[in-house]
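Below is one structure; the comments refer to it alone.
Values below: every heavy atom of this structure, side chains too, minus hydrogens, waters and symmetry copies. Convention: sequence-line order gives letters A, B, ...; per-chain numbering from 1. These figures come from a predicted structure and were not determined experimentally.
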2 protein chains.
Amino acid sequence: MMSPEILLRKHKLRNTGCRKDILKLFQQEKAALAHCDIEKRLSHHYDRVTIYRTLNTFLESGLIHKVLDHSGATKYALCGHECSDIKHRHEHVHFQCKQCHTTECLERLEIPAICLPEGYQAQEVNLLIEGLCPECRKKP
Amino acid sequence: MMSPEILLRKHKLRNTGCRKDILKLFQQEKAALAHCDIEKRLSHHYDRVTIYRTLNTFLESGLIHKVLDHSGATKYALCGHECSDIKHRHEHVHFQCKQCHTTECLERLEIPAICLPEGYQAQEVNLLIEGLCPECRKKP
DNA sequence: GTTTATGCAAATTCTTTGCAATACT
DNA sequence: AGTATTGCAAAGAATTTGCATAAAC
């Protein structure tokens, strides 16, 4: 996994504490994170506004992507290696647990080809599967 | 198509003006509607709060469902005939145009079966396809 | 007549903007 | 040194809550 410093440099972003810490957090967590998750889990305190701005910067540079969610919360996750400057792969499959509301990227899963009606042109495909995650299924 | 009155009765909801008008609107529009779309398009004026409450009531009774969206706006659409009291089919395919931001349900499309990793249990599957709709593709 | 929905006011939450101080290159 | 980022204050959306009035059953 690439270090936050190198990742930032690669995307032509300045190496600030907030950005490094948030990137590190994304790399540690396999689950998608909402603004409030990030705010809570960062050991150093950063202003709420700074976190919003950092997330938007990361979105624009293609470091992270929005993760679909029925709960209304905006969640984000790191873009995989597939998303380089050259080629962006935007076939995201996410799984959200209905019990613990954790959302994870299932990077290995491929979305099968879908036949759109005449006239439609697909550019991005996102699949959200909701159900029970392994941990919650074990619980009573 | 079932009349709003009968549809409401079927879901054990009171037949009020606001509910009937909003249901009628959903039946006319094939696209998914956000709160603000509904507020704008209703001929009779209802309080913003009443519209919020109506949408939540419809959600709880399974008359409508949330439509996934990357823009952050919460959109809703009527549940198809497949969603009866007995059997709920929650395989939603939606298409959102990147130009006009219209979202429509593609009810006819089936989502191909997906193999989840060990331990995961799927209950609902949602597919969001983004791209250009037929109308926007014609434009220059 | 009883229960439920509506409208209004106000509170909460989420997100963005402006600007001076600070940190990065 | 010059430019971009941060924190703070405040503004602006989106959504929820409480309560009295009005409408549905």
Whole-Å distance separating the [atom1] atom of [X] from the [atom2] atom of [N]:
X       : N      : atom1 : atom2 : value
B/Asp47 : C/dA10 : CG    : P     : 14 Å
B/Tyr52 : C/dG7  : OH    : P     : 15 Å
A/Asn56 : C/dT15 : CG    : P     : 10 Å
B/Asp21 : D/dA24 : CG    : C1'   : 16 Å
B/Arg19 : D/dA22 : CZ    : C1'   : 14 Å
B/Leu42 : C/dG7  : CG    : P     : 11 Å
B/Lys12 : C/dT4  : NZ    : P     : 14 Å
B/Tyr76 : D/dA14 : OH    : P     : 12 Å

### Message
Determine whether a donor-acceptor pair (one donor, one acceptor, N or O, separation below 3.5 Å) exists between the side chain of B/Arg14 and the base of C/dT3.
### Response
yes
### Message
Any donor-acceptor pair, under 3.5 Å, between the side chain of A/Arg48 and the base of D/dG7, if you only look at N and O atoms?
### Response
no
## Note on the structure
The side chain to side chain donor-acceptor pair (under 3.5 Å) partner of B/Tyr46 among B/Asp21, B/Thr16, B/Thr54 is B/Asp21
### Message
Below the 4.0 Å mark, does D/dT5 have OP1 or OP2 next to a side-chain nitrogen or oxygen of A/Thr16?
### Response
no
#### Entry: Distance flag, aromatic centroids of B/His94 and B/His65, threshold under 6.0 Å
yes
### Query
If you measure only the distance, is there a donor-acceptor pair under 3.5 Å linking the side chains of A/His70 and A/Glu130?
yes
### Query
Above 12 or not: heavy atoms from other molecules or residues under 6.0 Å from NZ of A/Lys98?
yes
